[in-house]
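The residues of the chain are indexed from 1 along the displayed sequence.
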Amino acid sequence: NYLAPLHNPANIIGIKACMNLMPDTPNVVVFDTAFHQTMPESAYLYAIPRKYYDENKIRRYGFHGTSHSFVSKRVAEIMNKPYDELKTIVCHLGNGASICAVDGGKSVGLTPLAGVIMGTRSGDIDPSIIEVIAKQDGLSIDQVINMLNKESGVAGLSEVSSDFRDITQAIEDGNAKAKSAFDAYIRQVVRFVGAYIAVMNGVDAIAFTAGVGENNKFVRAAVMEHLGYMGVKINHEANDSRGEEVMISTEDSKVKVFVVPTNEELAIARETVEIVNK
Ligand code: AMP
């Protein structure tokens, strides 16, 4: 519980309630971190004193694994290529956001409060900022972390909203803070995609998923425009869509780019069937 105080206590209440109500029914827990257990040590270690890993298991775990697994498998199916031969980057851009590199079906890297800017979460910041803000505003560490989780990200920067529909509208209305939040968001996504292309030494496909990735053509187009050098050519007509599974790069684009609506419920059901059948 100490590693995920917002999520795990609530999950355990649900598990216990199901066990009480249906004592003879198998109870399967599908961890959102499981897919990332293949990350190499070089990807999950933080450069802090090693005892925090050895004794407290402080390391990168990675989230949205169910979604990254589902979407990267779907990309292999769409491309009709073996999953274990494909290098894919999945951009799960929703209220929470994470970008994951999948090399040969294995998660090789991921960003979770760290990483890209999210709706209300800050993404990467210099950790010393926590001390500066705590001292300046007389806040506890808990209060600063709460601010980084709930009052930051696109909402904090734009002072408009955490919702990209509002951000897009505000940009159209000429709101400079909304535009600046959008630009910072895009830059972060591009940085992580670029980093993962280097880590994997190449990329065959990039997929956009979750609320923003599936619905916001402006975000997708802005990210793709930065990746021309890497071999991404956008098909603007195809990108002019919402919530559909579609290829949004051109046929001759070296790197293929897709929108793949995620389906975490289906992925969880599949894993459950597999476990119960064992
Ligand atoms: P998620 O956490 O995956 O449900 O994503 C929620 C976020 O997706 C919202 O806060 C919006 O920013 C974004 N979103 C959802 N629907 C749309 C839409 N129709 N157009 C643009 N953005 C959307």
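- In terms of hydrophobic clustering, with Ile, Leu, Val, Met, Phe, Trp and Tyr side chains grouped at heavy-atom distances under 4.5 Å, Ile234 and Val189 are assigned to a common cluster.
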Exercise for review: Applying side chain to side chain contact (heavy atoms under 4.5 Å, CB included), run through Ser67 and Thr209 and close with a yes or a no.
Suggested key: CA-CA 8 Å; Ser67 176; Thr209 195; 3.9 Å; yes
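- Taking all atoms of both residues into account, the shortest heavy-atom contact from Ala207 to Val260 is CB-CG2, 4.4 Å.
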Exercise for review: Before giving the answer on side chain to side chain contact (heavy atoms under 4.5 Å, CB included), spell out for Val71 and Phe258 the whole-Å C-alpha distance, their side-chain angles and the decisive distance to 0.1 Å.
Suggested key: CA-CA 10 Å; Val71 171; Phe258 302 92; over 6 Å; no
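- When the side chains of ILVMFWY residues are joined at heavy-atom separations under 4.5 Å, either directly or via intervening members, Phe31 and Ile15 end up in a single hydrophobic cluster.
- The neighbour count for Glu77 CD, taken as heavy atoms of other residues, nucleotides or ligands under 6.0 Å away, is above 12.
- Criterion: ILVMFWY side-chain heavy atoms under 4.5 Å apart, direct or through other members. Under it, Ile125 and Ile141 are part of a common hydrophobic cluster.
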Check your understanding: Between Phe70 and Thr66, is a side chain to side chain contact (heavy atoms under 4.5 Å, CB included) present by the stated rule, with each step listed?
Key -> CA-CA 6 Å; Phe70 176 86; Thr66 311; 5.8 Å; no
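- Between Glu265 and Ile268 there is no side-chain heavy-atom pair separated by less than 4.5 Å.
- Between Ile186 and His226 the shortest side-chain heavy-atom distance falls below 4.5 Å.
- Val273 and Val276 fall into different hydrophobic clusters, where Ile, Leu, Val, Met, Phe, Trp and Tyr residues are linked whenever their side-chain heavy atoms come under 4.5 Å apart, directly or through other members.
- Rounding to the nearest 0.5 Å gives a distance of 7.5 Å between OG of Ser122 and CG of Asn149.
- Minimum heavy-atom separation, Ser158 to Ala178: CB-CA, 3.9 Å.
- No donor-acceptor pair closer than 3.5 Å links the side chain of Asp137 to the backbone N or O of Ile133.
- Summarising the geometry of Cys100 relative to Ser107, their closest heavy-atom pair is SG-OG, 3.7 Å, with the distance given to 0.1 Å.
- Side-chain atoms of His68 and Ser98 form a donor-acceptor pair, as typed in the model, at a separation below 3.5 Å.
- Here the CD-CD distance, from Glu271 to Glu264, works out to 11.5 Å after rounding to the nearest 0.5 Å.
- The closest donor-acceptor contact from the side chain of Asp124 to the backbone of Gly115 lies under 3.5 Å.
- For the pair Ser249 (side chain) and Lys256 (backbone), a donor-acceptor distance under 3.5 Å is absent.
- Put simply, CG on Asn216 and OG1 on Thr168 are 4.5 Å apart, with the number rounded to the nearest 0.5 Å.
- In this structure, Arg187 does not pair ionically with Asp183, as no charged nitrogen and carboxylate oxygen lie closer than 4.0 Å.
- Residues Val257 and Met224 form a side-chain contact, since some pair of their non-hydrogen atoms from C-beta on lies under 4.5 Å apart.
- Residues Ala76 and Leu86 approach most closely at CA-CD2, 3.7 Å, considering heavy atoms.
- In summary, the aromatic rings of Tyr52 and Tyr46 are positioned with their centroids too far apart to meet the 6.0 Å limit.
- In this structure, a donor-acceptor pair under 3.5 Å is present between the side chains of Thr250 and Asp252.
- Using a 4.5 Å heavy-atom cutoff, the side chains of Ile130 and Ile145 are in contact.
- Exactly one of Val212, Val116, Ile167 qualifies for a side-chain contact (heavy atoms from CB on, under 4.5 Å) with Tyr185. That residue is Val212.
- A pairwise comparison of heavy atoms in His64 and His36 identifies C-NE2, 4.3 Å as the closest pair.
- For the pair Lys87 and Asp103, the salt-bridge criterion is met [side-chain N within less than 4.0 Å of a carboxylate O].
- Using a 4.5 Å heavy-atom threshold, the side chains of Pro261 and Glu245 count as touching.
- Heavy-atom contacts from other residues, nucleotides or ligands closer than 6.0 Å to CG of Asp173 number more than 12.
- In this structure, Val190 is a member of the same hydrophobic cluster as Val255, with clusters built from ILVMFWY side-chain heavy atoms closer than 4.5 Å.
- With a 4.5 Å cut-off on side-chain heavy atoms, Glu214 and Thr262 count as touching.
- The only option from Ile99, Leu227, Ile248 that meets the side-chain contact (heavy atoms from CB on, under 4.5 Å) definition with Ile206 turns out to be Leu227.
- For Ser253 against Val232, the heavy-atom pair with the smallest separation is OG-CA, 3.5 Å.
- Atoms CD and CG, from Glu251 and Asn235 in turn, are 8.5 Å apart once rounded to the nearest 0.5 Å.
- Proximity of a side-chain donor or acceptor of Asn239 to a complementary backbone N or O of Lys217 within less than 3.5 Å is detected.
- Counting heavy atoms from C-beta on, the side chains of Ser162 and Asn95 come closer than 4.5 Å.
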Point to revise | Worked check of side chain to side chain contact (heavy atoms under 4.5 Å, CB included) between Lys135 and Glu131 | key: CA-CA 6 Å; Lys135 283 187 178 155; Glu131 185 193 1; 2.6 Å; yes
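- Residues Ser140 and Gln143 meet the side-chain proximity criterion, which asks for heavy atoms closer than 4.5 Å.
- Using modelled atom types and a 3.5 Å distance limit, the side chains of Ser161 and Asp163 yield no donor-acceptor pair.
- Between Asp84 atom CG and Lys106 atom NZ the span is 8.5 Å, to the nearest 0.5 Å.
- The cationic atom of Lys57 (NZ for Lys, CZ for Arg) lies less than 6.0 Å from the six-membered ring centre of Tyr53 and within 45° of the ring axis.
- Remark: the backbone N or O of Asp142 is not paired with any side-chain donor or acceptor of Asn146 at under 3.5 angstrom.
- In this structure, Met247 CE and Met79 CE are separated by 8.5 Å, a value rounded to the nearest 0.5 Å.
- No side-chain N or O of Glu151 forms a donor-acceptor pair with one of Thr120 less than 3.5 Å apart.
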